[in-house]
K.L.:
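This structure is in C-alpha coordinates; I'll ask about it shortly.
In this text, all values refer to a predicted model and were calculated from it rather than measured experimentally. First listed ligand is number 1; within each ligand, the first listed atom is number 1.
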Amino acid sequence: MDMKASKKKLGLKERYAHLTRGLDWETSYQKMDDVFPFDKFEGIKIHDWDKWEDPFRLTMDAYWKYQAEKERKLYAIIDAFQQNNGHLGITDARYVNALKLFITGISPLEYMAHRGFTHVGRHFRGVGPRVACQMQAIDEIRHSQTQIHSMSNYNRHYNGMHDFKNMIEKVWYLSVPRSFFDDAVTAGPFEFMIAIGFSFEYVLTNLLFVPFISGAAFNGDMGATTFGFSAQSDEARHMTLGLECIKFMLEQDPDNLPIVQKWIDKWTWRGVRVLSLVGMMMDYMLPKRVMSWQEAWEIYFEQNGGALFKDLARYGITIPKCVEQVTKDKEHISHQVWSTFYQYGGVAAFHTWMPSDEEMDWLSAKYPNTFDKYYRPRFTYWREQEAQGKRFYNNSLPMLCQTCQIPLVFTEPDDPTKIAYRESDYQGEKYHFCSDGCKEIFDNEPEKYVQAWLPVHQIYQGHCFKPDVDPTAPGFDPLAAVLDWYNLVDGQDNKDFNGSEDQRNFAAWRGMATRND
Ligand code: FE
Ligand code: ZN
(Lines give C-alpha, C1' and ligand atoms only; values in the text may rest on other atoms or scores of the structure.)
(Ligands and ions follow the chains in the order given, each with its own letter.)
Protein backbone atom coordinates (compact mmCIF):
# COMPACT_ATOMS: atom_id res chain seq x y z
CA MET A 1 0.00 0.00 0.00
CA ASP A 2 1.30 3.44 -0.89
CA MET A 3 2.09 5.89 1.83
CA LYS A 4 -0.16 8.90 1.68
CA ALA A 5 2.07 11.96 1.85
CA SER A 6 0.39 14.91 3.43
CA LYS A 7 1.14 17.96 1.36
CA LYS A 8 2.07 20.91 3.50
CA LYS A 9 0.71 24.19 2.25
CA LEU A 10 3.43 26.79 1.88
CA GLY A 11 3.19 30.12 3.62
CA LEU A 12 3.11 33.33 1.61
CA LYS A 13 6.73 34.13 2.32
CA GLU A 14 7.87 30.68 1.19
CA ARG A 15 5.66 30.76 -1.87
CA TYR A 16 7.04 34.13 -2.81
CA ALA A 17 10.58 32.91 -2.26
CA HIS A 18 9.93 30.18 -4.84
CA LEU A 19 8.78 32.84 -7.23
CA THR A 20 11.82 35.02 -6.83
CA ARG A 21 14.72 32.84 -5.73
CA GLY A 22 16.86 30.23 -7.42
CA LEU A 23 15.76 31.32 -10.86
CA ASP A 24 19.12 32.72 -11.81
CA TRP A 25 22.47 31.14 -12.46
CA GLU A 26 26.08 32.13 -12.90
CA THR A 27 26.67 32.33 -16.60
CA SER A 28 29.53 30.22 -17.92
CA TYR A 29 30.12 30.95 -21.60
CA GLN A 30 29.46 34.67 -21.24
CA LYS A 31 30.82 36.87 -18.49
CA MET A 32 28.22 37.99 -15.92
CA ASP A 33 29.36 41.58 -16.44
CA ASP A 34 28.61 41.27 -20.14
CA VAL A 35 25.15 39.87 -19.48
CA PHE A 36 24.43 42.59 -16.90
CA PRO A 37 26.41 45.54 -18.21
CA PHE A 38 24.61 48.33 -16.36
CA ASP A 39 24.38 47.52 -12.66
CA LYS A 40 27.98 48.35 -11.69
CA PHE A 41 29.04 51.54 -13.46
CA GLU A 42 27.14 53.75 -11.05
CA GLY A 43 29.45 52.60 -8.27
CA ILE A 44 26.81 50.84 -6.17
CA LYS A 45 28.30 47.79 -4.48
CA ILE A 46 26.07 44.77 -3.91
CA HIS A 47 27.56 41.76 -2.12
CA ASP A 48 24.53 39.56 -1.67
CA TRP A 49 21.49 39.96 -3.90
CA ASP A 50 19.60 37.42 -1.77
CA LYS A 51 19.47 39.92 1.07
CA TRP A 52 16.86 41.76 -0.97
CA GLU A 53 13.61 41.77 1.02
CA ASP A 54 10.64 41.45 -1.26
CA PRO A 55 8.59 44.52 -0.45
CA PHE A 56 5.28 43.23 -1.77
CA ARG A 57 4.70 39.55 -1.59
CA LEU A 58 2.06 39.43 -4.20
CA THR A 59 1.98 36.28 -6.29
CA MET A 60 0.85 36.44 -9.90
CA ASP A 61 -2.49 34.72 -9.24
CA ALA A 62 -3.31 37.06 -6.36
CA TYR A 63 -2.16 40.04 -8.42
CA TRP A 64 -4.39 39.31 -11.41
CA LYS A 65 -7.38 38.56 -9.20
CA TYR A 66 -6.97 41.75 -7.22
CA GLN A 67 -6.32 44.00 -10.23
CA ALA A 68 -9.17 42.46 -12.22
CA GLU A 69 -11.55 43.28 -9.41
CA LYS A 70 -10.43 46.90 -9.41
CA GLU A 71 -10.67 47.00 -13.19
CA ARG A 72 -14.29 45.79 -13.15
CA LYS A 73 -15.29 48.54 -10.75
CA LEU A 74 -13.38 51.20 -12.64
CA TYR A 75 -14.93 50.41 -16.00
CA ALA A 76 -18.42 50.14 -14.51
CA ILE A 77 -18.04 53.66 -13.13
CA ILE A 78 -16.54 55.04 -16.34
CA ASP A 79 -19.47 53.56 -18.30
CA ALA A 80 -22.05 54.98 -15.93
CA PHE A 81 -20.35 58.38 -15.97
CA GLN A 82 -20.35 58.38 -19.75
CA GLN A 83 -23.93 57.21 -20.17
CA ASN A 84 -25.24 59.81 -17.77
CA ASN A 85 -23.29 62.63 -19.43
CA GLY A 86 -21.33 62.92 -16.21
CA HIS A 87 -19.12 65.57 -17.77
CA LEU A 88 -22.02 68.04 -17.48
CA GLY A 89 -22.06 67.52 -13.73
CA ILE A 90 -18.59 68.95 -13.12
CA THR A 91 -18.33 72.30 -11.36
CA ASP A 92 -17.53 74.21 -14.53
CA ALA A 93 -15.70 73.65 -17.77
CA ARG A 94 -12.52 75.30 -16.49
CA TYR A 95 -11.94 72.09 -14.54
CA VAL A 96 -11.40 70.12 -17.77
CA ASN A 97 -8.19 72.09 -18.30
CA ALA A 98 -6.64 70.36 -15.32
CA LEU A 99 -7.42 67.05 -17.05
CA LYS A 100 -5.85 68.32 -20.26
CA LEU A 101 -2.66 68.98 -18.39
CA PHE A 102 -2.95 65.56 -16.76
CA ILE A 103 -3.40 63.58 -19.96
CA THR A 104 -0.68 65.44 -21.85
CA GLY A 105 1.81 65.78 -18.99
CA ILE A 106 1.26 62.92 -16.54
CA SER A 107 -0.28 59.90 -18.26
CA PRO A 108 2.58 59.63 -20.80
CA LEU A 109 4.92 59.44 -17.81
CA GLU A 110 3.09 56.36 -16.58
CA TYR A 111 3.87 54.76 -19.90
CA MET A 112 7.50 55.87 -19.66
CA ALA A 113 7.60 54.36 -16.17
CA HIS A 114 6.35 51.10 -17.67
CA ARG A 115 9.18 51.09 -20.19
CA GLY A 116 11.70 52.14 -17.56
CA PHE A 117 10.81 49.31 -15.19
CA THR A 118 10.85 46.79 -18.01
CA HIS A 119 14.36 47.92 -18.88
CA VAL A 120 15.63 48.04 -15.31
CA GLY A 121 13.98 44.69 -14.57
CA ARG A 122 16.23 43.22 -17.23
CA HIS A 123 19.41 44.77 -15.91
CA PHE A 124 19.63 43.90 -12.22
CA ARG A 125 21.56 40.71 -11.70
CA GLY A 126 19.45 39.86 -8.63
CA VAL A 127 16.18 38.03 -9.25
CA GLY A 128 14.25 39.61 -6.36
CA PRO A 129 14.42 43.17 -7.69
CA ARG A 130 13.90 41.91 -11.24
CA VAL A 131 10.56 40.35 -10.33
CA ALA A 132 9.54 43.46 -8.36
CA CYS A 133 10.33 45.67 -11.37
CA GLN A 134 8.31 43.42 -13.63
CA MET A 135 5.28 43.75 -11.35
CA GLN A 136 5.59 47.50 -11.28
CA ALA A 137 6.03 47.63 -15.06
CA ILE A 138 2.63 45.93 -15.41
CA ASP A 139 1.03 48.37 -12.97
CA GLU A 140 2.41 51.34 -14.86
CA ILE A 141 1.08 50.37 -18.26
CA ARG A 142 -2.27 49.79 -16.61
CA HIS A 143 -2.15 53.28 -15.12
CA SER A 144 -1.56 54.88 -18.47
CA GLN A 145 -4.38 52.83 -20.00
CA THR A 146 -6.96 53.48 -17.28
CA GLN A 147 -6.16 57.19 -17.33
CA ILE A 148 -6.50 57.40 -21.10
CA HIS A 149 -9.78 55.49 -20.97
CA SER A 150 -11.21 57.62 -18.16
CA MET A 151 -10.30 60.86 -19.88
CA SER A 152 -11.29 59.75 -23.38
CA ASN A 153 -14.84 60.59 -22.36
CA TYR A 154 -13.84 64.25 -22.11
CA ASN A 155 -11.92 64.13 -25.35
CA ARG A 156 -15.21 63.57 -27.19
CA HIS A 157 -16.57 66.88 -25.95
CA TYR A 158 -13.66 69.22 -25.20
CA ASN A 159 -10.62 70.54 -27.04
CA GLY A 160 -6.93 70.02 -26.46
CA MET A 161 -6.80 66.31 -25.55
CA HIS A 162 -6.57 64.91 -29.06
CA ASP A 163 -2.85 64.29 -29.46
CA PHE A 164 -1.08 63.80 -26.13
CA LYS A 165 1.39 61.28 -27.49
CA ASN A 166 2.69 63.78 -30.02
CA MET A 167 2.51 66.72 -27.63
CA ILE A 168 4.61 65.18 -24.85
CA GLU A 169 7.46 64.96 -27.36
CA LYS A 170 7.22 68.52 -28.60
CA VAL A 171 5.31 71.09 -26.55
CA TRP A 172 7.50 73.45 -24.51
CA TYR A 173 5.95 73.01 -21.03
CA LEU A 174 5.51 69.26 -21.48
CA SER A 175 9.26 68.99 -21.86
CA VAL A 176 9.40 69.69 -18.11
CA PRO A 177 7.82 66.38 -17.02
CA ARG A 178 9.25 64.58 -20.04
CA SER A 179 12.83 65.65 -19.34
CA PHE A 180 12.38 64.37 -15.79
CA PHE A 181 11.70 60.91 -17.17
CA ASP A 182 14.28 61.14 -19.94
CA ASP A 183 16.79 61.90 -17.23
CA ALA A 184 15.64 58.90 -15.18
CA VAL A 185 15.55 56.31 -17.96
CA THR A 186 18.98 57.32 -19.23
CA ALA A 187 20.49 56.88 -15.76
CA GLY A 188 21.73 53.54 -14.44
CA PRO A 189 19.27 51.07 -12.93
CA PHE A 190 19.91 52.05 -9.30
CA GLU A 191 19.51 55.74 -9.96
CA PHE A 192 16.32 54.98 -11.88
CA MET A 193 14.94 53.28 -8.78
CA ILE A 194 15.55 56.44 -6.75
CA ALA A 195 14.27 58.73 -9.48
CA ILE A 196 11.05 56.82 -9.91
CA GLY A 197 10.66 54.67 -6.80
CA PHE A 198 11.51 57.52 -4.49
CA SER A 199 11.02 60.86 -6.24
CA PHE A 200 8.23 60.06 -8.67
CA GLU A 201 6.31 57.67 -6.44
CA TYR A 202 6.98 59.08 -3.04
CA VAL A 203 7.49 62.82 -3.49
CA LEU A 204 5.36 63.35 -6.60
CA THR A 205 2.61 60.78 -6.67
CA ASN A 206 1.55 61.39 -3.11
CA LEU A 207 1.09 65.04 -3.85
CA LEU A 208 -0.43 64.39 -7.21
CA PHE A 209 -2.85 61.60 -6.50
CA VAL A 210 -4.10 62.33 -3.04
CA PRO A 211 -4.93 66.07 -3.11
CA PHE A 212 -5.44 66.28 -6.84
CA ILE A 213 -7.75 63.31 -7.02
CA SER A 214 -9.76 64.58 -4.09
CA GLY A 215 -9.94 67.72 -6.21
CA ALA A 216 -11.48 65.64 -8.99
CA ALA A 217 -14.06 64.31 -6.53
CA PHE A 218 -14.81 67.83 -5.26
CA ASN A 219 -15.39 68.96 -8.83
CA GLY A 220 -17.74 66.13 -9.72
CA ASP A 221 -15.36 64.15 -11.90
CA MET A 222 -16.06 60.53 -11.00
CA GLY A 223 -13.98 59.24 -13.90
CA ALA A 224 -10.73 60.76 -12.68
CA THR A 225 -11.59 60.04 -9.07
CA THR A 226 -11.94 56.35 -9.78
CA PHE A 227 -8.77 55.95 -11.81
CA GLY A 228 -7.00 57.92 -9.10
CA PHE A 229 -8.06 55.62 -6.31
CA SER A 230 -7.49 52.56 -8.43
CA ALA A 231 -3.92 53.72 -9.13
CA GLN A 232 -3.28 54.94 -5.61
CA SER A 233 -3.52 51.44 -4.14
CA ASP A 234 -0.73 50.41 -6.53
CA GLU A 235 1.28 53.48 -5.65
CA ALA A 236 1.53 52.31 -2.05
CA ARG A 237 3.28 49.22 -3.40
CA HIS A 238 5.53 51.29 -5.63
CA MET A 239 6.63 53.54 -2.79
CA THR A 240 7.50 50.46 -0.75
CA LEU A 241 9.64 49.19 -3.62
CA GLY A 242 11.50 52.50 -3.88
CA LEU A 243 12.20 52.56 -0.15
CA GLU A 244 13.22 48.91 -0.08
CA CYS A 245 15.69 49.59 -2.86
CA ILE A 246 17.17 52.54 -0.94
CA LYS A 247 17.52 50.44 2.22
CA PHE A 248 19.00 47.52 0.27
CA MET A 249 21.72 49.71 -1.23
CA LEU A 250 22.51 51.29 2.13
CA GLU A 251 22.70 47.95 3.92
CA GLN A 252 24.92 46.32 1.31
CA ASP A 253 27.95 48.61 1.57
CA PRO A 254 28.85 51.82 3.41
CA ASP A 255 30.38 53.17 0.18
CA ASN A 256 26.86 53.37 -1.26
CA LEU A 257 25.73 56.05 1.19
CA PRO A 258 27.21 59.15 -0.50
CA ILE A 259 25.96 58.01 -3.92
CA VAL A 260 22.46 57.36 -2.63
CA GLN A 261 22.40 60.67 -0.77
CA LYS A 262 23.39 62.55 -3.91
CA TRP A 263 20.59 60.87 -5.87
CA ILE A 264 18.04 61.63 -3.15
CA ASP A 265 19.11 65.29 -3.17
CA LYS A 266 18.99 65.47 -6.96
CA TRP A 267 15.68 63.72 -7.42
CA THR A 268 13.91 65.52 -4.62
CA TRP A 269 14.70 68.78 -6.39
CA ARG A 270 13.78 67.39 -9.82
CA GLY A 271 10.47 66.21 -8.32
CA VAL A 272 9.78 69.54 -6.65
CA ARG A 273 10.26 71.40 -9.92
CA VAL A 274 7.78 69.13 -11.75
CA LEU A 275 5.37 69.55 -8.86
CA SER A 276 5.07 73.26 -9.55
CA LEU A 277 2.64 72.22 -12.32
CA VAL A 278 0.58 70.34 -9.75
CA GLY A 279 0.66 73.33 -7.40
CA MET A 280 -0.77 75.48 -10.16
CA MET A 281 -3.52 72.94 -10.88
CA MET A 282 -4.53 72.88 -7.24
CA ASP A 283 -4.54 76.63 -6.61
CA TYR A 284 -5.86 77.87 -9.93
CA MET A 285 -7.40 75.18 -12.12
CA LEU A 286 -9.86 73.49 -9.76
CA PRO A 287 -13.03 75.62 -9.62
CA LYS A 288 -13.78 74.04 -6.25
CA ARG A 289 -10.59 73.75 -4.25
CA VAL A 290 -9.65 71.08 -1.74
CA MET A 291 -6.62 72.60 -0.08
CA SER A 292 -3.91 74.98 -1.17
CA TRP A 293 -0.64 73.84 -2.67
CA GLN A 294 1.12 75.06 0.44
CA GLU A 295 -1.12 72.99 2.70
CA ALA A 296 -0.64 69.90 0.53
CA TRP A 297 3.13 70.33 0.65
CA GLU A 298 3.04 70.65 4.42
CA ILE A 299 0.93 67.55 4.94
CA TYR A 300 2.36 65.26 2.29
CA PHE A 301 5.97 66.29 2.26
CA GLU A 302 6.89 68.07 5.46
CA GLN A 303 4.94 65.74 7.76
CA ASN A 304 4.87 62.43 5.87
CA GLY A 305 8.27 62.95 4.27
CA GLY A 306 9.68 64.03 7.61
CA ALA A 307 8.75 60.63 9.05
CA LEU A 308 10.45 58.93 6.11
CA PHE A 309 13.68 60.83 6.59
CA LYS A 310 13.61 60.03 10.29
CA ASP A 311 13.46 56.38 9.32
CA LEU A 312 16.35 56.75 6.86
CA ALA A 313 18.45 58.71 9.36
CA ARG A 314 19.67 55.49 10.96
CA TYR A 315 21.47 54.74 7.70
CA GLY A 316 23.06 58.19 7.67
CA ILE A 317 20.69 59.77 5.13
CA THR A 318 19.92 63.43 5.75
CA ILE A 319 17.06 65.62 4.52
CA PRO A 320 17.99 67.14 1.14
CA LYS A 321 19.19 70.68 1.53
CA CYS A 322 16.81 71.95 -1.15
CA VAL A 323 13.98 71.49 1.34
CA GLU A 324 15.09 74.74 2.97
CA GLN A 325 14.39 76.60 -0.27
CA VAL A 326 11.13 74.75 -0.89
CA THR A 327 9.92 75.91 2.51
CA LYS A 328 10.29 79.49 1.29
CA ASP A 329 9.10 78.82 -2.26
CA LYS A 330 5.88 77.07 -1.25
CA GLU A 331 4.16 80.44 -0.80
CA HIS A 332 5.08 81.55 -4.31
CA ILE A 333 5.46 78.88 -6.94
CA SER A 334 1.83 78.21 -7.86
CA HIS A 335 1.21 81.96 -8.44
CA GLN A 336 4.37 82.33 -10.48
CA VAL A 337 3.63 79.32 -12.64
CA TRP A 338 0.02 80.35 -13.26
CA SER A 339 1.24 83.85 -14.23
CA THR A 340 3.54 82.21 -16.75
CA PHE A 341 0.85 80.06 -18.31
CA TYR A 342 -1.53 83.02 -18.40
CA GLN A 343 1.01 85.01 -20.41
CA TYR A 344 1.91 82.10 -22.65
CA GLY A 345 -1.69 80.92 -22.98
CA GLY A 346 -1.41 81.44 -26.74
CA VAL A 347 0.97 78.47 -27.01
CA ALA A 348 -0.60 76.06 -24.51
CA ALA A 349 -2.98 73.20 -25.27
CA PHE A 350 -5.32 74.28 -22.49
CA HIS A 351 -7.11 77.46 -21.49
CA THR A 352 -6.02 79.96 -18.88
CA TRP A 353 -7.92 82.72 -17.10
CA MET A 354 -7.63 85.22 -14.29
CA PRO A 355 -9.14 84.22 -10.93
CA SER A 356 -12.45 85.80 -9.91
CA ASP A 357 -12.73 88.14 -6.88
CA GLU A 358 -13.96 85.30 -4.73
CA GLU A 359 -11.07 83.11 -5.86
CA MET A 360 -8.57 85.86 -5.16
CA ASP A 361 -9.99 86.14 -1.65
CA TRP A 362 -9.48 82.40 -1.18
CA LEU A 363 -5.89 82.79 -2.36
CA SER A 364 -5.20 85.67 0.04
CA ALA A 365 -6.65 83.67 2.93
CA LYS A 366 -4.46 80.68 2.02
CA TYR A 367 -1.36 82.76 1.28
CA PRO A 368 -1.59 85.65 3.74
CA ASN A 369 2.12 86.53 3.45
CA THR A 370 2.38 86.65 -0.30
CA PHE A 371 -0.77 86.75 -2.40
CA ASP A 372 -2.01 90.29 -1.79
CA LYS A 373 1.47 91.73 -1.69
CA TYR A 374 2.97 90.23 -4.84
CA TYR A 375 0.33 88.63 -7.00
CA ARG A 376 -3.09 90.26 -6.57
CA PRO A 377 -1.93 93.60 -8.02
CA ARG A 378 -0.55 91.88 -11.12
CA PHE A 379 -3.71 89.81 -11.62
CA THR A 380 -5.93 92.85 -11.09
CA TYR A 381 -3.96 94.71 -13.75
CA TRP A 382 -4.25 91.82 -16.20
CA ARG A 383 -8.00 91.66 -15.55
CA GLU A 384 -8.34 95.37 -16.30
CA GLN A 385 -6.38 94.91 -19.50
CA GLU A 386 -8.63 92.05 -20.51
CA ALA A 387 -11.75 94.12 -19.76
CA GLN A 388 -10.40 96.78 -22.15
CA GLY A 389 -10.03 94.13 -24.84
CA LYS A 390 -6.26 93.91 -24.37
CA ARG A 391 -5.87 90.38 -23.03
CA PHE A 392 -2.11 90.06 -22.54
CA TYR A 393 -0.21 87.39 -24.45
CA ASN A 394 3.53 87.24 -24.23
CA ASN A 395 4.95 86.48 -27.67
CA SER A 396 8.62 86.37 -26.73
CA LEU A 397 10.40 83.11 -26.06
CA PRO A 398 11.74 82.79 -22.53
CA MET A 399 15.12 81.50 -21.39
CA LEU A 400 14.86 77.95 -20.07
CA CYS A 401 16.64 76.20 -17.24
CA GLN A 402 19.07 73.69 -18.73
CA THR A 403 18.16 71.10 -16.08
CA CYS A 404 14.43 71.28 -15.30
CA GLN A 405 13.55 73.07 -18.58
CA ILE A 406 11.17 75.48 -16.81
CA PRO A 407 11.40 79.07 -18.10
CA LEU A 408 13.30 81.31 -15.70
CA VAL A 409 10.20 82.53 -13.88
CA PHE A 410 10.93 81.62 -10.28
CA THR A 411 12.26 84.24 -7.92
CA GLU A 412 15.15 84.33 -5.48
CA PRO A 413 14.24 82.39 -2.34
CA ASP A 414 14.82 85.53 -0.26
CA ASP A 415 13.59 88.14 -2.72
CA PRO A 416 10.26 87.51 -4.45
CA THR A 417 10.74 90.57 -6.65
CA LYS A 418 13.88 89.26 -8.33
CA ILE A 419 14.01 86.47 -10.91
CA ALA A 420 16.47 83.76 -9.87
CA TYR A 421 19.22 83.20 -12.38
CA ARG A 422 22.32 80.98 -12.21
CA GLU A 423 24.85 80.03 -14.85
CA SER A 424 27.71 77.62 -15.44
CA ASP A 425 30.44 77.47 -18.07
CA TYR A 426 31.20 74.17 -19.68
CA GLN A 427 33.58 73.63 -22.59
CA GLY A 428 33.37 77.25 -23.67
CA GLU A 429 29.56 77.48 -23.58
CA LYS A 430 27.28 79.13 -21.06
CA TYR A 431 24.34 77.28 -19.50
CA HIS A 432 21.50 78.85 -17.54
CA PHE A 433 19.55 77.64 -14.52
CA CYS A 434 16.52 78.55 -12.46
CA SER A 435 18.05 77.71 -9.10
CA ASP A 436 21.02 76.48 -7.10
CA GLY A 437 19.46 73.01 -7.15
CA CYS A 438 19.32 72.82 -10.93
CA LYS A 439 22.82 74.31 -11.32
CA GLU A 440 24.25 71.75 -8.93
CA ILE A 441 22.62 68.88 -10.81
CA PHE A 442 24.14 70.16 -14.05
CA ASP A 443 27.58 70.74 -12.51
CA ASN A 444 27.65 67.12 -11.30
CA GLU A 445 26.96 65.70 -14.77
CA PRO A 446 27.42 68.44 -17.37
CA GLU A 447 28.12 65.95 -20.15
CA LYS A 448 24.59 64.63 -19.68
CA TYR A 449 22.65 67.89 -19.49
CA VAL A 450 24.38 69.67 -22.37
CA GLN A 451 22.41 67.22 -24.52
CA ALA A 452 19.05 68.47 -23.23
CA TRP A 453 16.40 69.09 -25.90
CA LEU A 454 15.38 72.61 -24.93
CA PRO A 455 12.18 73.66 -26.71
CA VAL A 456 13.10 77.33 -27.07
CA HIS A 457 16.55 76.57 -28.50
CA GLN A 458 15.00 74.06 -30.85
CA ILE A 459 12.47 76.62 -32.09
CA TYR A 460 15.26 79.14 -32.74
CA GLN A 461 17.25 76.49 -34.58
CA GLY A 462 14.28 75.86 -36.85
CA HIS A 463 13.65 72.29 -35.69
CA CYS A 464 10.03 72.85 -34.67
CA PHE A 465 8.32 73.29 -38.02
CA LYS A 466 6.75 70.67 -40.24
CA PRO A 467 9.12 69.42 -42.96
CA ASP A 468 7.35 71.19 -45.84
CA VAL A 469 7.51 74.61 -44.15
CA ASP A 470 9.65 77.32 -45.75
CA PRO A 471 10.79 79.78 -43.06
CA THR A 472 12.21 82.11 -45.76
CA ALA A 473 8.82 82.55 -47.46
CA PRO A 474 7.47 86.11 -47.29
CA GLY A 475 5.09 86.67 -44.37
CA PHE A 476 6.25 83.50 -42.62
CA ASP A 477 4.71 83.28 -39.14
CA PRO A 478 7.01 81.20 -36.91
CA LEU A 479 4.53 81.00 -34.03
CA ALA A 480 1.76 79.62 -36.26
CA ALA A 481 4.21 77.12 -37.75
CA VAL A 482 5.24 75.90 -34.30
CA LEU A 483 1.60 75.48 -33.19
CA ASP A 484 0.92 73.54 -36.36
CA TRP A 485 3.87 71.27 -35.62
CA TYR A 486 2.49 70.74 -32.09
CA ASN A 487 -0.88 69.83 -33.70
CA LEU A 488 -2.44 72.51 -31.53
CA VAL A 489 -5.38 74.26 -33.16
CA ASP A 490 -5.00 78.02 -32.77
CA GLY A 491 -8.12 79.73 -31.43
CA GLN A 492 -9.60 76.44 -30.30
CA ASP A 493 -7.19 74.58 -28.02
CA ASN A 494 -5.32 77.60 -26.68
CA LYS A 495 -5.86 81.15 -25.30
CA ASP A 496 -8.27 82.39 -22.67
CA PHE A 497 -11.08 80.27 -21.30
CA ASN A 498 -13.39 83.27 -21.64
CA GLY A 499 -14.77 83.12 -25.13
CA SER A 500 -13.52 79.59 -25.79
CA GLU A 501 -15.47 76.90 -27.58
CA ASP A 502 -15.27 74.76 -24.43
CA GLN A 503 -16.94 77.50 -22.41
CA ARG A 504 -19.72 78.01 -24.97
CA ASN A 505 -20.39 74.31 -25.47
CA PHE A 506 -20.51 73.52 -21.80
CA ALA A 507 -22.97 76.34 -21.14
CA ALA A 508 -25.17 75.25 -24.06
CA TRP A 509 -25.12 71.53 -23.16
CA ARG A 510 -25.73 72.10 -19.51
CA GLY A 511 -28.60 74.39 -20.48
CA MET A 512 -30.08 71.61 -22.62
CA ALA A 513 -29.76 69.18 -19.74
CA THR A 514 -31.58 71.41 -17.27
CA ARG A 515 -34.10 73.40 -19.37
CA ASN A 516 -36.82 72.61 -21.92
CA ASP A 517 -36.20 75.37 -24.47
FE1 FE B 1 1.84 54.83 -11.90
ZN1 ZN C 1 15.67 74.46 -13.09
K.L.:
Pairing donors with acceptors under 3.5 angstrom, does anything connect the side chains of K448 and T186?
P.N.:
yes
K.L.:
Could I get the full list of side chain to side chain donor-acceptor pair (under 3.5 Å) partners for K40, not counting sequence neighbours?
P.N.:
D33
K.L.:
Who pairs with Y111 by ring pair (Phe, Tyr, Trp, His ring centres under 6.0 Å), at least two apart in sequence or on another chain?
P.N.:
H114
K.L.:
Between D283 and H335, does any side-chain donor sit less than 3.5 Å from a side-chain acceptor?
P.N.:
no
K.L.:
Distances under 2.8 Å only: what protein N/O/S atoms are near the Zn ion (ligand 2), ordered by chain and residue?
P.N.:
C401 SG, C404 SG, C434 SG, C438 SG
K.L.:
In chain order, what residues pass the ring pair (Phe, Tyr, Trp, His ring centres under 6.0 Å) check against Y421, with sequence neighbours excluded?
P.N.:
H432
K.L.:
Run the ring-centre check on F102 versus F227 and record whether the distance is less than 6.0 Å.
P.N.:
yes
